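Here the structure is laid out as structure tokens; the discussion comes afterwards.
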Amino acid sequence: METIDELTTFLTDATVDGILGRLLYRGAAWSLMRENGVLPPNAPPLGATIETDLAEHGFALLRGAMALRAQAGTSDLTSKAFERAANAFEALVRNGDAGSPDRGFRRTIAAAAYHLAGFSAVAYSLFNETAGDLNTSPGETAIQHLILRDLGQLRGFVREWLDNDDHKDEQIAEMLRGEKPDVDEVLSTILNTTICRALAYFDFALETGEAEPIETARALLDAAVSLADNAENVPLWWISNLCRHLIDDLWQHSLHESLPTEPPEGTEEKYPDLRRLFISSLYARKNSEVELWPSQREAARRSTDVTDDLVVALPTSAGKTRVAEIAALMTLSSARRVLIVTPLRALSAQTERSFRKTFAPLGFSVSSLYGASGLSAGDEDALRTREIIIATPEKLDFALRSDPSLIDDVGLIVLDEGHMIGPSEREIRYETLVQRLLRRSDAESRRIVCLSAILPSGEELDDLTAWIRSDEPGAPVLSDWRPTRQRFGTLTWRGQDALLRLDLNRNGPFIDKFVVQRPARGKEKLPYPRKTSHLTLFAAWEFAGQGKRTLIFSTQANWVEGFGKQVVDLCKRGYLGSLLEDEAPIARALEVGKEWLGEDHPAVASLKVGVAIHHGRLPSPFLRELETLLSEGVLKVIVASPTLSQGLNLNAAVMLVPYLVRRGEKIKGEEFANVSGRAGRAFVDVEGLIVHVMFDKIKWREREWRELVASAKARTLKSGLIQIVAEILERLAREGVLERDDAWEYLANAREA
């Protein structure tokens, strides 16, 4: 057995970027470009032995990572090695030969390696994207159910296997007493049975939180590894070994281990039962939610401290909602209420659905207040009595001006999209509300948690943290981890067809003729596409045909309905077909749309062919119906406005960006960073693809796209109030009304000013 130092040296050398002639990059290109295992004729040379090279490199990394993890525990190096091994095996199975006999074995290894690298959502998606038979062994099938978090299926599968008389000890002994026993077959049965039995114990541990079944599962898998080693059964040695590491890793990061068992001060009476119900409710979902992602762990740990005001900066889709839920659980355990402030009405409705799903089974009422700034009797009753309230800044500000005592018993305020600080009217309103909340006489008795996907780093983030924490010492929680990876590419029109490049490297993977020219129909003389929007829609239909939900990001809200009109027109004239297989799921949304907008409105007419048109000026009842359809996966193509950059959860596998400007000016990198985060849905997509559609002026557009991708970063964060005060003082000083420096000195030293 190698020493820790020897394994560390090996893995450090084996995970250097560009090793083996950029093998992993070539492998990714190879897998992306092929179809059913066959490369297109014009593919670049990627290496005659690439398949063998990937397998050997993947197995070497995987063996070393498991050996080092067994001796020294999880580290950044083991995670990196598991991820690189997963990259190699993913390249072997992605778009590979559907009839390959080892397709299930290799996919199981890829998924398990991603899981051990911390990317359980990618592991899930690797299995979720396959529809056909994977030719898996029973042990591999059981692991697949575990990775898919379908614990009901796992329970049923292992119970059926273990209850089968052919797999019981008596029958196995009888087989061995036969004249010519098939020893390999018997050993395979024993090993698969051991894996299934171990996972049955592990499932019981996840359900109950008891540690004893975990130890039993570990002992069973240790025995399986030893038996497979002695019997030289290589495939089942890998599977049982990976399973042993998987259950260890999953238990380590499970909610049972992450949520404290000892109740925080003041929650002794309610916390133990609420903790149990919270974990049980998440476990019981169709896809059980039983662990925390790397991005959530530090924030979740600090969320359990009811005295810790938090500023949390996590990328889009990296799990901010779960952090807020854990903070809310702690507050509700102390019999105090929770208030969540969201800057958009659509975001309020989305947050309400999410929190109701989690907390209604625990017996808590959830209500949201949005709309006009006035306060009805029902609004006031909700704000005074509901345990969890979601409100827009406008609604909450009006309510508190009318009656500041409405939130006296609120113990937690969650500021969603906390980066909404700046000089615009909405940002000023949000900042002013937060400042009033911080200035209340009872502010010290109330916790604040500020969440955002695009907070800056450095001094600006420190200033925001100091503001939220009222200058109490404490650091923000900052992570750049995402549950899925992303690629930035281009779709370039070449006169008769379009080339899809899957990254910004000219020698990288591409798909030739991704969109081809449609000949003119009827009396028309010119073929399609004729402009950028046509090419964008044709590409969206191609991606939708591959089963990938596609989001078209329109930089201006007033262009969104223009896309809708073109969808209707191109479908009517036969250039595009309907994306709907069944109109029944959209029937309710159609009725609501007809009532509020009329049957011929582009948003309603587009819905009839399976396209969602989404922007903030559409009626709220219709938007709610659309968002429900999107959350259920009914609609394959979405056209959305910059509302996306405000945190609305409209994620997709592919984001098409036809235009980079708004009112003649290029969009800012900070907005693009937040919008592009919508590409790649956790537990659905292995990766997100962000594509700039280029119909003409190709070189210039490509240069602008590269600059925008390079500039994608967290936003600049400066107080809108201070910016406005500075502008006012500057103007007054120019008019001779006052001395600017004297005015700043007065304001800086007079709190009430």
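Note that the structure is a prediction, hence the values are computed from the model and not measured. Starting from 1, each residue takes its place in the sequence as its number.
For the atom pair Ile389 CD1 and Leu406 CG, the distance stands at 9.5 Å (nearest 0.5 Å). Atom CD1 of residue Ile390 and atom CG of residue Leu396 lie 12.0 Å apart, to the nearest 0.5 angstrom. Remark: Thr3 OG1 to Gln71 CD distance equals 7.5 Å, nearest 0.5 Å. The CZ atom of Arg485 sits 6.0 Å away from atom CG of Asn87, with the distance rounded to the nearest 0.5 Å. Separating the CG atom in Leu11 from the OG1 atom in Thr78 is a distance of 8.5 Å, to the nearest 0.5 Å. Atom OG1 of residue Thr392 and atom CG of residue Leu369 lie 7.5 Å apart, to the nearest 0.5 angstrom.
Without hydrogens or angle criteria, Ser368 side chain to Glu352 main chain gives no donor-acceptor distance under 3.5 Å. The backbone N or O of Leu277 lies less than 3.5 Å from no partner atom in the side chain of Ser281, so there is not a single donor-acceptor pair. Side chain of Ser258 to backbone of Ser254: a donor-acceptor contact under 3.5 angstrom is found. At least one donor-acceptor pair closer than 3.5 Å links the side chain of Arg469 to the backbone N or O of Pro473. Between the side chain of Arg446 and the backbone N or O of Val410, at least one donor-acceptor pair lies under 3.5 Å. When atom types are taken as modelled, the side chain of Ser125 and the backbone of Val684 share a donor-acceptor pair closer than 3.5 angstrom. Remark: the backbone N or O of Ser365 is paired with a side-chain donor or acceptor of Glu387 at under 3.5 angstrom. Ser79 places no side-chain N or O within donor-acceptor distance of the main-chain N or O of Asp76, the cut-off being under 3.5 Å.
In this view, Thr304 and Leu259, Pro260, Ile326, Met330 satisfy the side-chain contact (heavy atoms from CB on, under 4.5 Å) rule, not counting sequence neighbours. The ring pair (Phe, Tyr, Trp, His ring centres under 6.0 Å) search around His256 returns Trp251, not counting sequence neighbours. Residues that satisfy the side-chain contact (heavy atoms from CB on, under 4.5 Å) test with Ala679, not counting sequence neighbours, are Gln486, Met655, Ile690. The ring pair (Phe, Tyr, Trp, His ring centres under 6.0 Å) check on Phe683 picks up Tyr124, Trp293, with sequence neighbours excluded. When the salt bridge (charged side-chain N to carboxylate O under 4.0 Å, His left out) test is applied to Arg447, no partner is found at least two apart in sequence or on another chain. Residues satisfying the side-chain contact (heavy atoms from CB on, under 4.5 Å) test with Asp305, not counting sequence neighbours, are Thr307, Asp308. Residues forming a side chain to side chain donor-acceptor pair (under 3.5 Å) with Thr342 (at least two apart in sequence, or on another chain): Ser348. For Asp249, the salt bridge (charged side-chain N to carboxylate O under 4.0 Å, His left out) test picks out no residue, with sequence neighbours left out.
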(request) Please test Asp416 against Lys320 for salt bridge (Lys or Arg N to Asp or Glu O under 4.0 Å), starting from the C-alpha separation and ending with a verdict. (result) CA-CA 9 Å; Asp416 201 5; Lys320 294 184 294 294; over 6 Å; no

(request) Might you work through the side-chain hydrogen bond (donor to acceptor under 3.5 Å, both in side chains) test for Ser288 and Arg149, ending with a clear yes or no? (result) CA-CA 5 Å; Ser288 298; Arg149 299 296 188 269; over 6 Å; no

(message) Between Ser303 and Val449, does the side-chain contact (heavy atoms from CB on, under 4.5 Å) criterion hold? Intermediate values first, please.
(response) CA-CA 9 Å; Ser303 292; Val449 173; 5.7 Å; no

(request) List the steps and the verdict of side-chain contact (heavy atoms from CB on, under 4.5 Å) for Arg436 and Thr432. (result) CA-CA 6 Å; Arg436 287 203 180 99; Thr432 304; 3.4 Å; yes

(request) Take Thr358 and Arg285, measure what side-chain hydrogen bond (donor to acceptor under 3.5 Å, both in side chains) needs, and give me the verdict at the end. (result) CA-CA 10 Å; Thr358 298; Arg285 291 183 177 178; 2.9 Å; yes

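More than 12 heavy-atom neighbours from other residues, nucleotides or ligands sit within 6.0 angstrom of CD on Glu707. Counting non-hydrogen atoms of other residues, nucleotides and ligands closer than 6.0 Å to CG of Asp13 gives a total above 12. Enclosure of atom NZ in Lys666 by more than 12 non-hydrogen atoms of other residues, nucleotides or ligands within 6.0 angstrom is indicated. Counting heavy atoms of neighbouring residues, nucleotides and ligands inside a 6.0 Å radius, atom CZ of Arg731 does not exceed 12 of them. Other residues, nucleotides and ligands place more than 12 heavy atoms under 6.0 Å from the CD atom of Glu215. Annotation for Asp381: atom CG counts as buried by contact number, over 12 foreign heavy atoms lying within 6.0 Å.
Across all non-hydrogen atoms, the minimal contact from Ala318 to Ser295 is O-OG, 2.6 Å. Of all heavy-atom pairs between Leu282 and Arg322, the closest is CD2-NH2, 3.6 Å. Taking every heavy atom of both residues into account, Leu332 and Lys270 meet most closely at O-CD, 4.1 Å. Residues Ser120 and Glu291 come closest through the heavy atom pair OG-OE2, 3.0 Å. For Tyr430 against Pro393, the heavy-atom pair with the smallest separation is CD2-CG, 3.9 Å.
The side-chain heavy atoms of Ile4 and Leu68, taken from C-beta on, include a pair separated by under 4.5 Å. Between Val306 and Leu412 there is no side-chain heavy-atom pair separated by less than 4.5 Å. The shortest distance between side-chain heavy atoms of Asp17 and Arg84 falls below 4.5 Å. Side-chain atoms of Tyr271 and Phe278, non-hydrogen and from C-beta on, never get closer than 4.5 Å to each other. Two residues are said to be in side-chain contact when any heavy atoms from C-beta on lie closer than 4.5 Å; Arg275 and Thr261 meet this criterion. Inter-residue side-chain proximity for Trp467 and Gln435 is flagged as met; some heavy-atom pair is nearer than 4.5 Å. The closest side-chain heavy-atom distance from Phe202 to Leu250 is below 4.5 Å. Side-chain contact check for Val434 versus Val341: every heavy-atom pair is 4.5 Å or farther apart.
Under the ring-ring contact (aromatic ring centres under 6.0 Å, His included) criterion, the residue pairs touching residues 306-360 are Phe355-Phe359, with sequence neighbours excluded. Residue pairs satisfying the ring-ring contact (aromatic ring centres under 6.0 Å, His included) criterion with at least one member in residues 300-346, sequence neighbours excluded, are absent. Pairs engaging residues 330-339 under the side chain to side chain donor-acceptor pair (under 3.5 Å) rule: Arg337-Asp409 [sequence neighbours left out].
Using a 4.0 Å cut-off between a side-chain N of Lys or Arg and a carboxylate O of Asp or Glu, Asp397 and Arg401 qualify as a salt bridge. Classification of Glu325 and Lys357 as a salt-bridged pair fails, no side-chain N sitting under 4.0 Å from a carboxylate O.
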Just distance, no hydrogens or angles: give the donor-acceptor pairs under 3.5 Å from side chains in residues 207-214, sequence neighbours left out.
| unit_1 | atom_1 | unit_2 | atom_2 | d |
| --- | --- | --- | --- | --- |
| Thr208 | OG1 | Phe204 | O | 2.8 |
| Thr208 | OG1 | Glu210 | N | 3.2 |

